[in-house]
Amino acid sequence: MNNFYEQVYEVVKLIPKGRVTSYGAIASFLGSKGSARLVGWAMNQAHALVDVPAHRVLNRNGLLSGKHHFPTPTAMQQLLEDEGITVVNDQVENFDKVFWSPNELI
DNA sequence: GACATGACGGCAG
DNA sequence: CCTGCCGCCATGT
């Protein structure tokens with residue numbers, strides 16, 4: 001229980017403000033390469049943790065695929081824009097620039 | 001105990 | 001270049 005999920009939460013909590021990452025990047029970083037779905041499932045649990053900025057985790061396309069899981073569909077975009085991230089059509093602009101890889105931790 | 005689904009990703013056509 | 005299918009692990013029914 002405190003293995004994969006806790007690792008995911010820890011990584012997500014370490015995402016710098018104004019930066020985002022992808023499910024696959026986290027999964028690969030944790031060793032469960034290809035199991036991005038697990039990260040998504042972990043995010044579902046993270047929904048209960050206020051310390052986990054799930055809004056900074058997007059899919060590989062930089063699309064706000066999980067916006068529907070927030071209190072309001074616009075909450076995720078609102079939070080990202082509040083951090084200086086430009087979101088257009090539910091997609092992050094300059095995704096490559098704001099993208100943050102867990103490997104940066106090392 | 002088995003089947004179906006999900007906040008994804010990669011590869012093939 | 002765009003679309004579709006399969007694979008991955010865990011959870012819920």
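Every chain is numbered from 1 and lettered A, B, ... according to where its sequence line falls, protein lines coming before strand lines.
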Output the distance between atom [atom1] ([X]) and atom [atom2] ([Y]), rounded to the nearest 0.5 Å.
| X | Y | atom1 | atom2 | result |
| --- | --- | --- | --- | --- |
| A:His69 | A:Leu64 | NE2 | CG | 12.0 Å |
| A:Lys17 | A:Leu79 | NZ | CG | 10.5 Å |
| A:Thr74 | A:Glu81 | OG1 | CD | 9.5 Å |
| A:Ser22 | A:Leu58 | OG | CG | 8.5 Å |

Treat each ILVMFWY residue as a node, draw an edge where side-chain heavy atoms are under 4.5 Å apart, and state whether [X] and [Y] are in one component.
| X | Y | value |
| --- | --- | --- |
| A:Leu105 | A:Val57 | yes |
| A:Val88 | A:Ile85 | no |
| A:Phe95 | A:Leu63 | no |

[atom1] spacing across the pair [N] / [M], given as an integer number of angstrom:
| N | M | atom1 | value |
| --- | --- | --- | --- |
| C:dC6 | B:dA4 | C1' | 16 Å |
| B:dT5 | C:dC5 | P | 15 Å |
| B:dC3 | C:dG7 | P | 16 Å |

* Name the first nucleotide and the last nucleotide along DNA chain B (5' to 3') that come under 4.0 Å of a heavy atom in chain A. => B:dG6 to B:dG10
Protein and nucleotides 1-7 of chain C: nitrogen or oxygen contacts under 3.5 angstrom:
residue, atom, partner, partner atom, Å
C:dG7, O6, A:Arg37, NH2, 3.4

* To do: For A:Gln78, look at atom CD and say whether over 12 heavy atoms of other residues, nucleotides or ligands are found less than 6.0 Å away.
  => no
* Asked: Less than 4.0 Å between a side-chain N and a carboxylate O, is that true for A:Arg19 and A:Glu83?
  -> no
Between [X] ([atom1]) and [N] ([atom2]), how many Å, whole number?
| X | N | atom1 | atom2 | result |
| --- | --- | --- | --- | --- |
| A:Ile26 | C:dC8 | CD1 | C1' | 16 Å |
| A:Tyr5 | C:dC9 | OH | P | 13 Å |
| A:Trp41 | C:dA10 | CH2 | C1' | 7 Å |

* Kindly give the heavy-atom pair with the smallest separation between A:Phe70 and A:Gly66, and that separation in Å. => CD1-O, 3.3 Å
* Asked: In residues 54-82 of chain A, what residues come within less than 4.0 Å of DNA chain B, judged by heavy atoms?
  -> A:Ala54, A:Asn59, A:Arg60, A:Ser65, A:Gly66, A:His69, A:Phe70
* To do: Answer whether the closest heavy-atom distance between the side chains of A:Met43 and A:Val52 falls below 4.5 Å.
  => yes
